[in-house]
Protein chains: 2
Amino acid sequence: MRPERPARGPRPAFSRAQLTEAALRVADAEGLDAISMRRLAAEIGSGTMSLYRYVSGKDDVIDLMVDAVSAEFLPPDVPSGDWRADLRALAIQGRQAMHRHPWMARVTATRQSSGPNGVRTFERALSVVDGLGLSIDVMLALVGSVFAYVNGYVAAEMGELEALRRTGLDVQQWMARQAPYLETLLKSGDHPLFARVVAESGRELADPDERFAYGLDRLLDGIAAALPGG
Amino acid sequence: MRPERPARGPRPAFSRAQLTEAALRVADAEGLDAISMRRLAAEIGSGTMSLYRYVSGKDDVIDLMVDAVSAEFLPPDVPSGDWRADLRALAIQGRQAMHRHPWMARVTATRQSSGPNGVRTFERALSVVDGLGLSIDVMLALVGSVFAYVNGYVAAEMGELEALRRTGLDVQQWMARQAPYLETLLKSGDHPLFARVVAESGRELADPDERFAYGLDRLLDGIAAALPGG
DNA sequence: GAAAACTAGGTACACCGTACCCGGTTGTCC
DNA sequence: GGACAACCGGGTACGGTGTACCTAGTTTTC
């Protein structure tokens with residue numbers, strides 16, 4: 001955790017920040033699976049094992065990456081006073097950050113950042129619902145439910161996109177490949193609502209941002225209704 | 001996709017179902033990372049490469065596992081008429097299934113099942129909100145938001161448990177190891193709400209099931225309020 | 001100048017998914 | 001009954017992975 005110059009020994013050839021930056025560049029462009037210690041070493045022009053002078057292992061690299069991205073949607077240090085707007089903005093900015101870094105959602109779904117920026121985000125999210133007359137347990141549950149929705153929604157969203165990217169196909173080619181299986185499902189007649197989805201979906205809530213916000217607003221409605229003030 | 005006896009050739013020594021069962025046994029007991037083609041082959045007493053007669057690759061094995069677990073929380077084929085109770089039950093049973101299979105949440109967070117049981121679950125979830133005067137797009141958004149909450153919540157929940165399991169430590173040992181970092185965070189004074197969490201959390205909503213249900217009920221409240229009938 | 005504390009990084013090990021291939025078994029058809 | 005297609009089991013091999021361990025060089029302190 002200390003990128004600073006130690007007392008003795010030669011000057012380090014690079015820094016944890018440079019390593020993190022290289023890892024982000026690779027993962028953003030080629031996906032999380034493109035990250036390997038050998039690859040990262042090649043990227044910054046060092047020997048593979050030298051990386052272990054800066055991080056304790058690959059997991060540590062991932063932690064650094066997550067914490068770096070967490071900084072991108074850090075809420076302002078002082079809440080606006082409108083808890084709903086603040087929570088909504090945090091959710092939307094979190095999603096946008098995960099869209100900029102398509103590998104992010106898969107990681108944060110199962111492991112939230114315990115680095116400085118992760119903790120800061122958590123603290124500021126709690127501060128958004130502070131002063132509403134809630135116990136810390138309820139505050140935690142409310143913030144947690146919004147995080148759960150955002151992480152769950154975006155993980156599903158990006159999971160599909162990343163799976164598509166891995167195939168190397170475009171959307172048309174992919175749909176053409178799925179067509180026979182889809183046909184079988186529809187022809188069986190056992191899935192009338194799924195058939196309706198295929199036939200008539202997309203008239204409303206066609207914009208992905210709008211779809212995300214729709215569910216988010218339902219959740220925020222429910223939270224608002226449970227608040228002491230009404 | 002065809003475990004049936006083919007026309008020619010020797011009788012297969014095992015079946016996709018047996019392979020799936022072995023994979024579930026290993027993953028449930030030792031985690032998803034314990035699943036390897038060599039390990040599975042050893043488990044069912046076959047050569048490694050023979051598995052490829054039954055599945056196209058490791059991803060296919062995972063798909064089979066997910067679809068098998070999906071059968072565990074398949075909603076009844078006819079909704080009760082109480083959409084809220086049905087959606088709530090689906091969420092709770094989905095979570096319970098993911099608790100029985102700790103590896104499941106990590107997988108479904110980014111890749112929903114497109115196998116028979118996955119499609120059936122999807123169809124029946126939609127049928128729960130059918131007949132309420134909603135367009136298929138809104139139905140999709142509502143079901144999707146509940147899925148997002150459940151997947152997001154349980155993925156975070158299980159992610160923590162699985163991370164703990166991987167260390168091999170028990171809760172006390174793990175907390176003792178984190179203590180110095182925690183101390184630093186608290187001593188800095190920059191995280192007063194986080195400090196409150198550490199100090200006073202657990203008085204309300206101490207039961208994990210209750211915590212999960214609390215957020216879920218907020219979401220369902222918000223959905224109820226948006227329904228045409230009120 | 002010696003020693004301590006750090007640095008870079010090569011080698012090696014155990015494991016992974018799976019492409020490719022060979023040889024054996026079974027059913028069908030002439 | 002013989003030929004052959006179609007399938008099965010599975011060994012070998014390749015190009016990857018994370019990282020433990022070790023050697024050797026460099027800088028600072030005493």
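First the proteins, then the strands, lettered A, B, ... as listed; each starts at 1.
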Among the nucleotides [options], which one has an atom lying closest to any side-chain atom of [X]?
X	options	answer
B/P10	C/dA8, C/dC21, C/dG24	C/dG24
B/S50	D/dG10, D/dT26, C/dA8	D/dG10
B/R53	C/dT18, D/dG9, C/dA8	D/dG9

Any Lys/Arg nitrogen of [X] or [Y] sitting under 4.0 Å from an Asp/Glu carboxylate oxygen of the other?
X	Y	answer
B/D86	B/R124	no
B/E162	B/R165	yes
A/R39	A/E30	yes

Polar atom pairs between nucleotides 13-17 of chain C and protein, under 3.5 Å, N or O only, would you list them?
from   : atom 1 : to    : atom 2 : distance (Å)
C/dC16 : OP1    : B/S36 : OG     : 2.9
C/dG17 : OP1    : B/K58 : NZ     : 3.0
C/dG17 : OP2    : B/M37 : N      : 2.9
C/dG17 : N7     : B/R38 : NH2    : 2.5
C/dG17 : O6     : B/R38 : NH2    : 2.8

Whole-Å distance separating the [atom1] atom of [X] from the [atom2] atom of [N]:
X	N	atom1	atom2	value
A/D59	D/dG18	CG	P	10 Å
B/R11	D/dC8	CZ	P	12 Å
B/L51	D/dC8	CG	P	13 Å
A/L40	D/dT17	CG	P	10 Å
A/M49	C/dG9	CE	C1'	8 Å
A/F14	C/dT7	CZ	P	10 Å

query: Counting only N and O atoms by type, is there a donor-acceptor contact under 3.5 Å from the side chain of A/Y153 to the main-chain atoms of B/G144?
result: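 Side chain of A/Y153 to backbone of B/G144, a donor-acceptor pair under 3.5 Å: no, none is there.
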task: Give A/S46 one of three labels, base, sugar-phosphate or nothing, depending on what nucleic acid heavy atoms sit under 4.0 Å from its own.
output: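 It contacts sugar-phosphate atoms only.
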- prompt: With a non-hydrogen cut-off below 4.0 angstrom, is B/A41 in contact with a base, only sugar-phosphate, or nothing?
  reply: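 Touches nothing.
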task: State, with a plain yes or no, whether a side-chain heavy atom of A/R120 is found less than 4.5 Å away from one of B/D190.
output: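 The answer is no; the side chains never approach within 4.5 Å.
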message: Can you tell me if B/Q173 has over 12 outside heavy atoms packed within less than 6.0 Å of its CD?
response: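 Count over threshold, so yes.
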query: Taking the six-membered ring for Trp, are B/F194 and B/H191 parallel (under 30°), tilted (30 to 60°) or perpendicular (over 60°)?
result: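 If you compare the ring of B/F194 with that of B/H191, the planes turn out perpendicular.
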